[in-house]
Engineer: 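First the structure, then my questions, so here it is.
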Protein chains: 2
Amino acid sequence: MSDSLSITLDRSSPVPLYHQVAQQLELAIRQGVLAPGDKIDNEIALANTLGLSRPTMRQAIQTLVDKGMLVRKRGVGTQVVHGKIRRNVELTSLYDDLAAAGQQQRTEVLALRREHADETTAAQLRLAAGDDIWTLHRLRFVNDEPLALLRNHLPAALVDLTDVDLASSGLYEHLRRAGVHLRVAEQRIGAKAADDQERELLASGDVPLLTMERTAFNDAGSVIEYGHHVYRSDLYAFEITLVDR
Amino acid sequence: MSDSLSITLDRSSPVPLYHQVAQQLELAIRQGVLAPGDKIDNEIALANTLGLSRPTMRQAIQTLVDKGMLVRKRGVGTQVVHGKIRRNVELTSLYDDLAAAGQQQRTEVLALRREHADETTAAQLRLAAGDDIWTLHRLRFVNDEPLALLRNHLPAALVDLTDVDLASSGLYEHLRRAGVHLRVAEQRIGAKAADDQERELLASGDVPLLTMERTAFNDAGSVIEYGHHVYRSDLYAFEITLVDR
DNA sequence: GTCAATGCTTTGTCAGGACATATTGACGTA
DNA sequence: TACGTCAATATGTCCTGACAAAGCATTGAC
C-alpha cells in the first residue's frame with residue numbers, strides 16, 4: 001500500500017506548498033489511486049521525498065483529515081477512509097448541485113428589483129428599514145419540471161445585480177466573481193405544505209415542500225444574503241457529509 | 001478592544017496547551033467578554049503574555065477560525081465575528097437539541113431487538129445479509145406531543161444494546177460512552193407525506209414530515225449506524241451553521 | 001489638495017529540532 | 001501457552017527562527 005504517488009511541487013508558484021500537496025493528495029484519493037483502507041507513507045518519509053519540512057507535510061495532511069478523507073492514528077500511521085466526500089455542504093447551492101449531476105436545467109427570473117427594505121426584511125439583513133436592497137425571485141426547472149422557488153434578498157450596498165444574467169449562472173457564483181466572499185451561513189431546513197402561489201408555480205399538487213432559510217455572512221460578519229427557498233420534495237433533497245472533530 | 005482576558009494555563013495537564021487556550025477563548029466569546037467586532041491582540045503579543053510560542057498560539061486561534069467565530073486578516077489583525085455558533089451540526093442529534101432547548105421530553109422505545117439483517121439493511125450497514133444487527137424504533141415526545149419517529153439499525157458486533165435505557169438518554173450519547181467514536185456521517189434531508197403508520201404514531205394529520213436518512217462511520221470507515229427518521233415539520237426543523245473554508 | 005511611494009504592523013508560510021505518547025509486535029519468562 | 005515487558009514506529013505537541021506578503025497609515029512630491 002505504499003505510494004506510486006507522483007506529487008509535483010512548484011516553489012515559484014504563489015500557491016502555498018502545503019496546499020499544492022493537499023490538492024494532489026485529494027485528487028489521488030478521489031480518482032482512486034489511493035483507495036479507502038490504503039495507508040500512506042509516514043509524515044517524515046513523505047516530507048523527505050518531497051523535499052519539505054515535516055510541519056508543512058503535516059499541514060497538508062491535516063487539510064484532508066479535516067475533510068474526513070484521511071484518519072491519523074498515533075503510532076500506526078495515516079489511512080484513507082473515504083474516497084468520495086460530498087462537498088462539505090460548502091454553503092449548499094442548488095445550481096452547483098444540479099450542474100454537477102449533469103441534469104438539464106434552466107432558471108426563470110420572476111422578479112429582480114431594487115427597493116427599500118420593509119421592516120421584516122431589514123431585520124433579516126441586519127439593516128435599517130428603508131435601506132436599499134435587492135429582491136430576487138427565481139423559479140428553477142430540471143428537465144422542464146419546476147423544482148424550486150428561490151426568494152432572496154441582498155443589501156444593495158454590497159453588490160450590483162443590474163444586468164446580471166441570473167438565468168444562466170448561480171447567485172453564489174456571481175457573488176464570488178464580484179469579490180464577495182462567504183464565510184459563515186446559518187441554515188434552517190424544514191418542510192411544509194404548499195400555499196396557493198407555490199402550488200401554482202411549482203405545480204406540486206399535494207407534494208410537500210422542503211424549505212430552506214439561509215442567512216449568509218461575509219468575513220466582516222455582515223449579512224450578504226437572506227434566502228427563503230422551497231423545493232419539491234419528490235425531486236430534491238439535501239445531501240450533506242458531516243465531519244466530527 | 002484590548003483584552004481583559006484572563007487565560008490560565010496548566011502545563012502539567014494532559015490537555016494540550018493550544019486546546020486550553022482555544023477553549024477559554026471560545027468561552028470568552030460565547031459569554032460576551034469578547035463581542036463581535038472586537039479585535040484580539042496580535043499573535044505574538046498573546047503568545048508572549050501567555051508564555052507560549054507563536055505556532056502554539058496560532059493553533060489555538062485557528063481552531064476558532066475553523067469554527068467561524070474568528071476571522072484573521074493579514075496586516076490587520078484577528079477579529080471576533082460570531083458569538084453564537086450553533087454546534088457545527090456535529091452530527092445532529094435530536095435528543096441533544098431538545099435537551100439544550102430545555103423542553104420537557106420523553107422517549108418511548110417501540111422496538112429493540114437483535115436480529116439477522118435482511119438484504120436491504122445489510123447493504124445500508126455494509127454488512128452481509130444475515131449478519132447480526134440491532135433494530136431500534138423509538139417515538140419521541142415533546143411536551144407530550146409526538147414529534148419524531150426514529151428508526152435505527154446498528155451492527156451488533158460494534159455495540160451491545162441489551163439493557164440499555166434508550167428512553168432516558170440519546171443513542172449517540174450511549175455510543176460515545178461505549179467508546180464508539182463517530183467521525184463522518186452522510187445525511188440526506190428531505191420531506192414527504194406521512195404514510196398510515198406514521199400518521200397513526202405521530203398523529204400528524206396532514207402535516208408534512210421532514211425526513212432524515214443518516215449513515216454514520218467511525219475512524220476505520222466502518223458503518224456504525226444507519227438511521228431513517230421522520231419529524232413533524234410543524235414542530236421541528238434542522239438548524240445548521242456552515243463555515244466555508 | 002491629490003496621489004503615489006514608503007514603512008510599519010500583522011498574519012501567512014516554511015524550516016528544523018526536540019521530546020511525549022499511543023500502538024504494535026517481538027521477545028522472554030512463568 | 002499465556003502473559004508481561006520492551007523496543008521500534010508513527011503521530012502529537014511545542015519550541016525557535018526566518019522571511020514573505022497584505023493592509024494601513026504616514027509621508028512626501030507634484
Side-chain angles (χ1 to χ4, degrees), chain A residues 1-3 7 9-25 37-66 69-81 179 181 183 218-220 245, chain B residues 1-3 7 9-23 25 38-66 69-81 179 181 183 218-220 245:
Chain A
M1 302 299 169
S2 194
D3 316 344
I7 291 181
L9 296 178
D10 176 4
R11 281 184 175 271
S12 66
S13 160
V15 178
L17 294 174
Y18 73 88
H19 196 249
Q20 293 184 35
V21 176
Q23 275 185 324
Q24 292 179 58
L25 262 179
D38 284 2
K39 264 178 66 175
I40 66 175
D41 278 354
N42 70 61
E43 298 172 347
I44 298 176
L46 278 174
N48 287 339
T49 306
L50 297 175
L52 296 172
S53 69
R54 189 182 160 212
T56 303
M57 194 59 223
R58 261 186 83 75
Q59 199 175 355
I61 293 175
Q62 189 60 46
T63 310
L64 300 187
V65 171
D66 287 343
M69 304 178 81
L70 295 180
V71 168
R72 340 168 78 135
K73 284 188 199 138
R74 185 190 303 209
V76 180
T78 304
Q79 257 186 322
V80 181
V81 275
H181 187 58
R183 270 285 301 168
N218 66 4
D219 277 345
R245 276 170 297 163
Chain B
M1 304 300 167
S2 194
D3 315 344
I7 291 182
L9 296 178
D10 176 4
R11 281 184 176 270
S12 66
S13 160
V15 178
L17 294 174
Y18 71 86
H19 197 249
Q20 294 184 33
V21 176
Q23 276 185 322
L25 261 180
D38 284 1
K39 264 179 66 176
I40 65 175
D41 279 354
N42 70 63
E43 295 172 349
I44 299 177
L46 278 174
N48 288 338
T49 306
L50 297 174
L52 295 171
S53 69
R54 190 182 157 210
T56 303
M57 194 60 224
R58 262 185 82 76
Q59 200 175 356
I61 293 176
Q62 189 59 46
T63 55
L64 298 188
V65 171
D66 287 343
M69 304 178 82
L70 294 180
V71 167
R72 343 167 76 134
K73 282 188 200 139
R74 187 190 301 208
V76 180
T78 305
Q79 257 186 322
V80 181
V81 274
H181 186 59
R183 270 285 301 168
N218 66 4
D219 277 345
R245 274 170 298 162

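Letters A, B, ... mirror the listed sequences (proteins, then strands); counts begin at 1.
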Engineer: So A:Pro16, base contact, sugar-phosphate only, or nothing? Heavy-atom distance under 4.0 Å.
Structural biologist: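 Sugar-phosphate contact only.
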Engineer: When you measure from the side-chain N and O atoms of A:Arg58 to the phosphate of C:dT13, is any distance below 4.0 Å, counting only OP1 and OP2?
Structural biologist: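 No, no such contact exists.
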Engineer: Among C:dC14, D:dC14, D:dT11, find the nucleotide with the atom closest to the side chain of B:Thr56.
Structural biologist: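 Output: D:dC14.
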Engineer: For B:Tyr18 and D:dT13, is the shortest distance between a side-chain N/O and OP1 or OP2 below 4.0 Å?
Structural biologist: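 Result: yes.
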Engineer: Side chain of A:Arg74 only, please: which of C:dC14, D:dG12, C:dG12 is the nearest?
Structural biologist: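 Looking only at side-chain atoms, A:Arg74 lies closest to D:dG12.
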Engineer: Between C:dA15 atom P and A:Leu17 atom CG, what is the distance in whole Å?
Structural biologist: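 Result: 6 Å.
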Engineer: How many Å lie between CD1 on B:Ile40 and C1' on C:dT11, as a whole number?
Structural biologist: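 Distance, rounded to whole Å: 11 Å.
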Engineer: What is the distance, to the nearest angstrom, from the CD atom on A:Gln79 to the C1' atom on D:dA10?
Structural biologist: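 Distance check: A:Gln79 CD to D:dA10 C1' gives 13 Å.
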Engineer: Would you indicate which nucleotide in C:dG12, D:dT11, D:dC14 comes nearest to any side-chain atom of B:Glu43?
Structural biologist: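 Nearest to the side chain of B:Glu43 among the choices is C:dG12.
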Engineer: Less than 4.0 angstrom between a side-chain N/O of A:Arg72 and OP1 or OP2 of D:dG12, yes or no?
Structural biologist: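 Result: yes.
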Engineer: Just compare C:dT11, D:dC15, C:dG16 and give me whichever is closest to any side-chain atom of B:Ile44.
Structural biologist: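 It is C:dT11.
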Engineer: For B:Gln59 and C:dG12, what is the distance between atoms CD and C1' respectively, to the nearest whole Å?
Structural biologist: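 For the pair B:Gln59 CD and C:dG12 C1', the rounded distance is 15 Å.
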Engineer: What is the distance from atom CG of B:Leu25 to atom CG of B:Leu46, rounded to the nearest 0.5 Å?
Structural biologist: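 Spacing of CG (B:Leu25) from CG (B:Leu46) equals 7.5 Å.
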Engineer: Tell me, with the steps shown, if A:Lys73 and A:Lys39 meet side-chain contact (heavy atoms from CB on, under 4.5 Å).
Structural biologist: CA-CA 11 Å; A:Lys73 284 188 199 138; A:Lys39 264 178 66 175; over 6 Å; no
Engineer: Could you tell me how far apart A:Lys73 (NZ) and D:dT11 (C1') are, to the nearest whole angstrom?
Structural biologist: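 Those two atoms, NZ and C1', are 12 Å apart.
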Engineer: Can you check the A:Gln20 CD to C:dC14 C1' distance for me, whole Å?
Structural biologist: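 So the two atoms are 13 Å apart, to the nearest Å.
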Engineer: Considering only heavy atoms and no angle criterion, is a donor-acceptor pair shorter than 3.5 Å present between the side chain of B:Arg54 and the base of D:dG17?
Structural biologist: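 No, no donor-acceptor pair under 3.5 Å.
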Engineer: Evaluate the criterion side-chain contact (heavy atoms from CB on, under 4.5 Å) for residue pair A:Val81 and A:Leu70; output intermediate values, then yes/no.
Structural biologist: CA-CA 6 Å; A:Val81 275; A:Leu70 295 180; 5.7 Å; no
Engineer: CG of A:Asp66 versus P of D:dG12: gap in Å, rounded?
Structural biologist: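 From A:Asp66 CG to D:dG12 P: 12 Å.
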Engineer: Whole angstrom is fine here: how far is it from CG in B:Asp10 over to P in D:dT13?
Structural biologist: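 Distance check: B:Asp10 CG to D:dT13 P gives 16 Å.
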Engineer: Which pair of heavy atoms, one from B:Thr63 and one from B:Ala60, lies closest together, and at what distance?
Structural biologist: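 The answer is OG1-O, 2.6 Å.
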Engineer: A:Met57 or A:Val76: which one's nearest nucleotide on DNA chain C is closer to the 5' end?
Structural biologist: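 In this pair, the answer is A:Met57.
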Engineer: Take B:Asp10 and B:Val15 through the test side-chain contact (heavy atoms from CB on, under 4.5 Å) and record every step on the way to the result.
Structural biologist: CA-CA 8 Å; B:Asp10 176 4; B:Val15 178; over 6 Å; no
Engineer: Quick one: is A:Thr78 getting a side-chain N or O under 4.0 Å of the D:dA10 phosphate, OP1 or OP2?
Structural biologist: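 It does not, given that no N or O in the side chain of A:Thr78 lies less than 4.0 Å from OP1 or OP2 of D:dA10.
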